[in-house]
Amino acid sequence: MPLGGFTVEQLEEELSDFSCKFDGEQEFVDKMNALSHAFHIDSEDLINETMGYAMNMKRTDLDVGFLDAFEAHYKKKNAPSAVSKSKPRAVLADLKPTTAVELYATSRALTRTLPNGAAQGRRQ
């Protein structure tokens, strides 16, 4: 289904499938259409989302106030998660550049600290 495009009749029919109803006001329909566009949700998915929320809230008589509460819930539910500040993340610019020479020197130093024969692939 496309975004928005709800009519009073269509919403009455859709909501009755879930034993819900609204006052038939155009304001409710306009809000549903606005939510569909704002959240980029097609009409069918918006009905499913709002009806799921209505069932969780044990609501059968819906109004614009319900849609306002749904909007706040949906925004919170779909907000990007905050990054934990307990552990700082390494940023590429903060990392020390490593050259092949540095890697080779580190490898040689590690090889010398291992007991004889412990380094795999060690030349003898």
Side-chain angles (χ1 to χ4, degrees):
M1 288 180 91
L3 296 180
F6 289 112
T7 63
V8 171
E9 296 78 23
Q10 179 192 9
L11 273 177
E12 286 174 340
E13 183 180 325
E14 293 281 348
L15 298 183
S16 70
D17 291 344
F18 295 92
S19 301
C20 290
K21 60 183 177 177
F22 74 106
D23 57 13
E25 292 290 322
Q26 186 62 41
E27 185 181 6
F28 185 89
V29 176
D30 293 341
K31 180 74 174 186
M32 286 290 285
N33 288 325
L35 290 173
S36 178
H37 287 283
F39 296 134
H40 303 284
I41 306 173
D42 70 36
S43 303
E44 184 177 341
D45 289 341
L46 182 59
I47 289 291
N48 291 334
E49 290 282 342
T50 53
M51 292 303 95
Y53 183 70
M55 297 299 114
N56 286 337
M57 301 303 290
K58 297 179 171 71
R59 295 275 308 260
T60 56
D61 293 325
L62 309 180
D63 56 17
V64 174
F66 164 80
L67 291 179
D68 291 338
F70 167 76
E71 180 178 14
H73 165 77
Y74 192 84
K75 283 180 181 177
K76 184 178 179 182
K77 176 179 136 183
N78 293 298
S81 359
V83 176
S84 172
K85 294 184 180 182
S86 60
K87 289 184 179 179
R89 296 174 126 194
V91 178
L92 188 58
D94 295 338
L95 298 176
K96 179 182 175 187
T98 304
T99 65
V101 173
E102 290 171 325
L103 287 175
Y104 177 75
T106 303
S107 169
R108 296 283 295 159
L110 287 174
T111 304
R112 284 189 214 133
T113 62
L114 295 174
N116 261 347
Q120 291 182 0
R122 185 173 176 197
R123 294 184 189 137
Q124 298 195 4

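As the structure is a computational prediction, the values presented were derived from the model and not from experiment.
- Within the model, atoms CG of Asn33 and CG of Leu11 stand 7.5 Å from one another, a figure rounded to the nearest 0.5 Å.
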List the steps, then state whether side-chain contact (heavy atoms from CB on, under 4.5 Å) holds for Leu62 with Met51. CA-CA 10 Å; Leu62 309 180; Met51 292 303 95; 3.4 Å; yes
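- Here the closest heavy-atom approach between residue Asp63 and residue Phe66 is recorded as OD1-N, 2.8 Å.
- By the side chain to side chain contact (heavy atoms under 4.5 Å, CB included) test, His73 is found to be paired with Tyr53, Lys77, residues two or more places apart in sequence or in another chain being considered.
- Contact detail for Ser43 and Ser36: the closest heavy-atom pair is N-OG, 4.3 Å.
- Heavy atoms only, all atoms of each residue included: Asn48 and Phe18 are closest at OD1-CZ, 4.0 Å.
- Contact check for Phe28 versus Leu15: side-chain heavy atoms found under the 4.5 Å cut-off.
- Crowding of Met55 atom CE: a count of heavy atoms from other residues, nucleotides or ligands under 6.0 Å exceeding 12.
- Remark: the backbone N or O of Cys20 is not paired with any side-chain donor or acceptor of Thr60 at under 3.5 angstrom.
- The CE atom of Met32 sits 9.0 Å away from the CD1 atom of Ile41 when rounded to the nearest 0.5 Å.
- Between Phe70 and Leu35, the closest side-chain pair of non-hydrogen atoms falls below 4.5 Å.
- You'll find the side chain of Arg59 stays beyond 4.5 Å of the side chain of Thr50, heavy atoms only.
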Assess the residue pair Phe39 and Asn78 against the criterion (side-chain contact (heavy atoms from CB on, under 4.5 Å)); give the C-alpha distance rounded to whole Å, side-chain angles, the decisive distance to 0.1 Å, and a yes or no. CA-CA 10 Å; Phe39 296 134; Asn78 293 298; over 6 Å; no
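- Listed by first then second residue, pairs satisfying side chain to side chain donor-acceptor pair (under 3.5 Å) with a partner in residues 21-32 read Gln26-Asp30, Lys31-Asp68, Lys31-Glu71, not counting sequence neighbours.
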